[in-house]
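All remarks here apply to the structure that follows.
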Amino acid sequence: MAVAVNLSARQFRELDLVESVRRALDASELGGLMLRVEITETAVMESIEASSMQLRELRAMGVNVALDDFWIGQSSMTYLKHLPLDEVKIDRSFIRDISSHDKDFAIVKAIIAMAHSLHLVVTGEGVETEQQGRAVKSFGLRQSPGIFSGSPGA
C-alpha cells in the first residue's frame, strides 16, 4: 500500500523539499514507489520550469506525482504538457453532479480521455451515490468507496 502526501504550495516551494523527502524515505525504509506526492495547480503555477525540475527529482527517486484538484483553478494544458506527472486527480465538484448534469459528465469523460492519451493515471474523489458509481463505471474506471481510478489502456 502506498502513502499519499498532500503538499501545500508553501511546502512545495521549500528549497530543501527533495532532500526532505529523501531523508523521510531513508528514515522510514520505504522506497519511493511507496510514496505519492499530491500537489495542487496553485503549487506549480509560480514557475513551471522550477516546478518541473523539482518534480523530476522526486520521480527520479521513484516517487509518484499527482496533480490534485485538476480543472478547478487556473488549469492549463501547459501543466500536462510540461510537468512530469504520473496522475491527475479530478476534483469532487465535477463528480457531485456527474449523473445529473451533461456538462459535468462530458468534462469528466474528456479529462479521462485526455489523461489516458498522455499515459496518466486518473483518480477522482466524491463518488457517493449509485448513479455516480454507474457513470464512473461507464468510463471503464475502477471504483472503491468514494474514489475511482483508472490507468491508460486498462
Side-chain angles (χ1 to χ4, degrees), residues 1-98 103-104 106-128 132 136 139 141-154:
M1 178 179 290
V3 174
V5 175
N6 287 308
L7 293 178
S8 69
R10 185 190 58 76
Q11 290 170 313
F12 185 69
R13 285 189 301 268
E14 289 180 5
L15 297 176
D16 68 341
L17 172 67
V18 174
E19 190 53 39
S20 293
V21 170
R22 188 182 330 277
R23 283 192 308 268
L25 288 173
D26 290 345
S28 66
E29 298 180 0
L30 292 175
L33 293 176
M34 300 305 294
L35 177 63
R36 180 176 70 223
V37 174
E38 298 180 2
I39 56 170
T40 61
E41 295 171 34
T42 54
V44 299
M45 282 174 50
E46 270 185 30
S47 171
I48 290 182
E49 188 174 310
S51 296
S52 183
M53 184 182 307
Q54 194 143 318
L55 295 176
R56 266 198 281 300
E57 290 179 41
L58 290 171
R59 288 185 75 211
M61 293 187 295
V63 174
N64 287 301
V65 177
L67 186 60
D68 199 7
D69 298 335
F70 185 67
W71 211 265
I72 64 164
Q74 301 293 319
S75 290
S76 168
M77 297 306 144
T78 302
Y79 301 136
L80 297 181
K81 180 178 175 183
H82 293 290
L83 295 176
L85 301 170
D86 298 295
E87 179 178 344
V88 293
K89 292 183 69 181
I90 300 172
D91 186 69
R92 69 178 51 245
S93 64
F94 290 105
I95 307 308
R96 181 178 42 242
D97 296 325
I98 195 171
K103 288 182 180 180
D104 286 333
I107 288 168
V108 171
K109 186 175 181 180
I111 291 171
I112 291 167
M114 177 183 55
H116 284 175
S117 70
L118 295 170
H119 308 290
L120 299 171
V121 171
V122 177
T123 303
E125 300 173 315
V127 178
E128 298 170 347
Q132 291 167 338
V136 164
F139 299 138
L141 302 175
R142 295 183 315 277
Q143 181 187 348
S144 57
I147 299 172
F148 68 86
S149 64
S151 300

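The shown structure was predicted, so the numbers you read here are calculated from the model rather than taken from an experiment.
Distance alone, capped at 3.5 Å, is enough to place a donor-acceptor pair between the D86 side chain and the V65 backbone. At distances below 3.5 Å, not a single donor-acceptor pair connects side-chain atoms of Q54 with backbone N or O atoms of L17. In terms of modelled atom types and a separation under 3.5 Å, the side chain of E19 and the main chain of D16 share no donor-acceptor contact.
Atoms CZ and CD1, on F94 and I107 in that order, are 5.0 Å from each other to the nearest 0.5 Å. Atom-to-atom distance recorded for L58:CG and R56:CZ is 11.5 Å, nearest 0.5 angstrom. The distance from the NE2 atom of H82 to the CD1 atom of I48 is 6.5 Å, given to the nearest 0.5 Å. Between K89 atom NZ and S149 atom OG the span is 10.5 Å, to the nearest 0.5 Å. Atom CG of L120 sits about 10.5 Å away from atom CG of L83, to the nearest 0.5 Å. Between the CZ atom in F12 and the OG1 atom in T40 there is a gap of 9.5 Å [rounded to 0.5 Å].
Legend: residues meeting side chain to side chain contact (heavy atoms under 4.5 Å, CB included) with A4, ordered by chain and number and at least two apart, are R36, E38. In this structure, S51 has no side chain to side chain donor-acceptor pair (under 3.5 Å) partners at least two apart in sequence or on a different chain. Applying the side chain to side chain contact (heavy atoms under 4.5 Å, CB included) criterion to S28, with sequence neighbours excluded, gives L30.
Side chains of L35 and V5 form a contact here, defined as non-hydrogen atoms less than 4.5 Å apart. Taking 4.5 Å as the limit, every side-chain heavy atom of V136 sits out of range of all side-chain heavy atoms of V108. Two residues are said to be in side-chain contact when any heavy atoms from C-beta on lie closer than 4.5 Å; H116 and V122 meet this criterion. A heavy-atom distance below 4.5 Å is not found between the side chains of V88 and D68. Side-chain contact between S52 and P84: present, with at least one pair of heavy atoms (C-beta onward) separated by less than 4.5 Å. Side-chain atoms of L25 and M34, non-hydrogen and from C-beta on, never get closer than 4.5 Å to each other.
Within 6.0 Å of CE in M53 there are 12 or fewer heavy atoms belonging to other residues, nucleotides or ligands.
A side-chain N or O of S20 and one of R23 form a donor-acceptor pair less than 3.5 Å apart.
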Problem set entry | Derivation and outcome, side-chain contact (heavy atoms from CB on, under 4.5 Å), residues F139 and I111 | CA-CA 11 Å; F139 299 138; I111 291 171; over 6 Å; no
Exercise. Between I90 and I112, is a side-chain contact (heavy atoms from CB on, under 4.5 Å) present by the stated rule, with each step listed?
Worked result: CA-CA 9 Å; I90 300 172; I112 291 167; 4.1 Å; yes
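Among all heavy-atom pairs drawn from S93 and D104, the shortest one is O-OD2, 4.5 Å. What you find for I95 and E125 is that their closest heavy atoms are CG1-O, 3.4 Å.
Looking at R96 and E128, no side-chain N of the basic residue comes within less than 4.0 Å of a carboxylate O on the acidic one, giving no salt bridge.
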